[in-house]
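In this chain, numbering begins with 1 at the start of the sequence shown. Worth knowing before you read on, the calculation uses all heavy atoms, side chains too, and leaves out hydrogens, waters and symmetry mates.
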Amino acid sequence: MVSANREMAVYCFDTLVSHYNNEETPPPAFEEANHPLFVTWKKIVNGGEPRLRGCIGTLEARRLISGFKDYALTSALRDRRFPPIQAKELPSLQCTVSVLTDYEDAEDYLDWEVGKHGIIIEFTEPETNTKRSATYLPEVPAHEGWTKIEAIDSLVRKAGFNGVITEAVRRRINLTRYQSTLFSMHYSEYLSYVKATRGVGPGINGINNPAFA
């Protein structure tokens, strides 16, 4: 099984830096495989709690190299919840790559473990017959300190349901659970890695900042 690793996070940073420079992305240093995946960008300011800046991925298996390249940019620039990440934000960024595995059909909406499983919910609204779906990666409910029901109710809202969340609504849910491996890297770690392996750190065109030297 392929696990998320440092080289995947490096490749996502490489992809974003190359986008700003309008250059080709350096070739990745991890093996090709097929897996669902996510790329999450967070911003850390003055040592505070990391704040989400973009998170997009796919629940369908993708070739990892093209997948990480696509979603590194999509999550950074086209997550509709946030403005596009600008080059000047790079020194504050943290990248987390997730590789998803072990998909299983749950017996009901409570058949999963907080901190272990990511969850995908699918349900049909009782009145409008509208189909809804949404997912949380395994780390989200654990980070938020949610119970299972709190996580489910939050996910129902994320899916776009605006009605009253009753037990009857919850029982309409088809839940798929999955597991994931993840790897997080701050820009400063990326900078050190690139300098150590390539002899020179990445530069950003048009930006005069010692963090990019």
Side-chain angles (χ1 to χ4, degrees), residues 1 3-4 12 35-45 48-62 67-68 70-85 93-184:
M1 183 185 73
S3 297
C12 289
H35 277 285
L37 59 98
F38 272 76
V39 178
T40 303
W41 297 102
K42 291 185 178 181
K43 187 174 180 178
I44 303 173
V45 179
E49 183 76 12
R51 296 181 180 179
L52 186 65
R53 280 296 275 114
C55 178
I56 296 180
T58 175
L59 297 171
E60 302 292 331
R62 280 279 312 261
F68 277 122
D70 289 346
Y71 287 106
L73 293 178
T74 303
S75 59
L77 307 174
R78 292 185 285 279
D79 187 326
R80 286 180 282 184
R81 297 170 293 177
F82 308 99
I85 293 174
L93 289 184
Q94 173 185 288
C95 178
T96 299
V97 292
S98 301
V99 176
L100 280 49
T101 60
D102 300 311
Y103 280 54
E104 298 174 305
D105 293 329
E107 293 184 2
D108 56 44
Y109 73 90
L110 292 175
D111 185 25
W112 60 283
E113 294 182 32
V114 174
K116 178 179 179 180
H117 295 115
I119 51 175
I120 304 166
I121 64 166
E122 298 174 296
F123 65 99
T124 302
E125 290 193 21
E127 294 184 4
T128 65
N129 223 31
T130 303
K131 293 183 179 180
R132 302 284 187 184
S133 64
T135 188
Y136 277 142
L137 295 172
E139 60 268 24
V140 174
H143 179 266
E144 296 294 336
W146 288 332
T147 63
K148 290 182 183 180
I149 290 180
E150 287 171 337
I152 290 295
D153 289 357
S154 177
L155 204 48
V156 168
R157 292 293 184 219
K158 182 181 178 184
F161 180 69
N162 296 317
V164 178
I165 303 175
T166 63
E167 182 64 15
V169 170
R170 297 186 190 106
R171 291 193 179 280
R172 297 175 74 93
I173 291 171
N174 291 318
L175 188 141
T176 302
R177 65 191 188 194
Y178 59 87
Q179 298 182 50
S180 73
T181 59
L182 56 84
F183 189 94
S184 296

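With sequence neighbours left out, Glu167 forms a salt bridge (Lys or Arg N to Asp or Glu O under 4.0 Å) with Arg170, Arg171. Applying the side-chain contact (heavy atoms from CB on, under 4.5 Å) test to Thr58 and every residue at least two apart in sequence or in another chain returns Leu37, Glu60, Arg62, Tyr71. In terms of the salt bridge (Lys or Arg N to Asp or Glu O under 4.0 Å) criterion, residue partners of Arg81 (sequence neighbours excluded) are, by chain and number, Asp79. Take Asp111 and apply the salt bridge (Lys or Arg N to Asp or Glu O under 4.0 Å) test, not counting sequence neighbours, and it matches Arg177. Looking at residues two or more places apart in sequence or on another chain, you find a side-chain contact (heavy atoms from CB on, under 4.5 Å) between Arg78 and Leu73, Thr74. Shown here are the side chain to side chain donor-acceptor pair (under 3.5 Å) partners of Thr130, two or more places apart in sequence or in another chain: Thr128. For the side-chain contact (heavy atoms from CB on, under 4.5 Å) test, residues two or more places apart in sequence or in another chain that qualify with Ala142 are Val114. In this view, Thr176 and Tyr103, Asp105, Ile120 satisfy the side-chain contact (heavy atoms from CB on, under 4.5 Å) rule, not counting sequence neighbours. For Lys43, the salt bridge (Lys or Arg N to Asp or Glu O under 4.0 Å) test picks out Glu89, with sequence neighbours left out.
In this structure, the separation between CG on Leu155 and CD1 on Ile121 is 4.0 Å, given to the nearest 0.5 Å. Interatomic distance, CZ of Arg51 versus CD of Gln94, reported as 14.0 Å (0.5 Å rounding). Atom CG of Leu52 sits about 7.0 Å away from atom OG1 of Thr40, to the nearest 0.5 Å.
Using modelled atom types, no side-chain atom of Arg53 and backbone atom of Trp41 make a donor-acceptor pair closer than 3.5 Å. Under a 3.5 Å cut-off, the side chain of Lys148 and the backbone N or O of Leu110 do form a donor-acceptor pair.
The shortest side-chain heavy-atom distance between Thr124 and Arg172 falls under the 4.5 Å cut-off. Between Arg157 and Ile165 the shortest side-chain heavy-atom distance falls below 4.5 Å. The side-chain heavy atoms of Ile85 and Leu93, taken from C-beta on, include a pair separated by under 4.5 Å. Contact check for Phe38 versus Leu182: no side-chain heavy atoms found under the 4.5 Å cut-off. Ile173 places a side-chain heavy atom less than 4.5 Å from the side chain of Ile152. Contact annotation: the side chain of Ile56 never approaches that of Val39 to less than 4.5 Å [non-hydrogen atoms, C-beta and beyond]. Side-chain contact check for Phe183 versus Thr96: every heavy-atom pair is 4.5 Å or farther apart. Contact of the Glu150 side chain with the Asp153 side chain is not registered, since no non-hydrogen atoms from C-beta on lie closer than 4.5 Å.
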Side-chain donor-acceptor pairs under 3.5 Å in residues 134-141, sequence neighbours left out?
{"residue": "Thr135", "atom": "OG1", "partner": "Ile119", "partner atom": "O", "Å": "2.8"}
{"residue": "Thr135", "atom": "OG1", "partner": "Tyr178", "partner atom": "OH", "Å": "2.9"}
{"residue": "Tyr136", "atom": "OH", "partner": "Ser154", "partner atom": "OG", "Å": "2.6"}

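Scanning all heavy atoms of the two residues, the minimum distance from Ser133 to Ala159 falls at O-CB, 3.6 Å. The minimum heavy-atom distance linking Ser98 with Phe68 is given by the pair O-CZ, 4.2 Å. The two atoms that bring Thr181 and Ser3 nearest to each other are OG1-CA, 3.4 Å, heavy atoms only.
The salt bridge (charged side-chain N to carboxylate O under 4.0 Å, His left out) contacts involving residues 128-137 comprise Glu125-Arg132, where partners must be two or more places apart or lie in separate chains. Among residue pairs with one or both ends in residues 106-131, none qualify as ring-ring contact (aromatic ring centres under 6.0 Å, His included); sequence neighbours excluded.
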- request: Please assess Thr101 against His35 for the test side-chain contact (heavy atoms from CB on, under 4.5 Å), listing each intermediate value before the final yes or no.
  value: CA-CA 7 Å; Thr101 60; His35 277 285; 3.8 Å; yes

query: Does the pair Cys55 and Ser75 meet the rule for a side-chain contact (heavy atoms from CB on, under 4.5 Å), with working shown?
result: CA-CA 5 Å; Cys55 178; Ser75 59; 5.6 Å; no

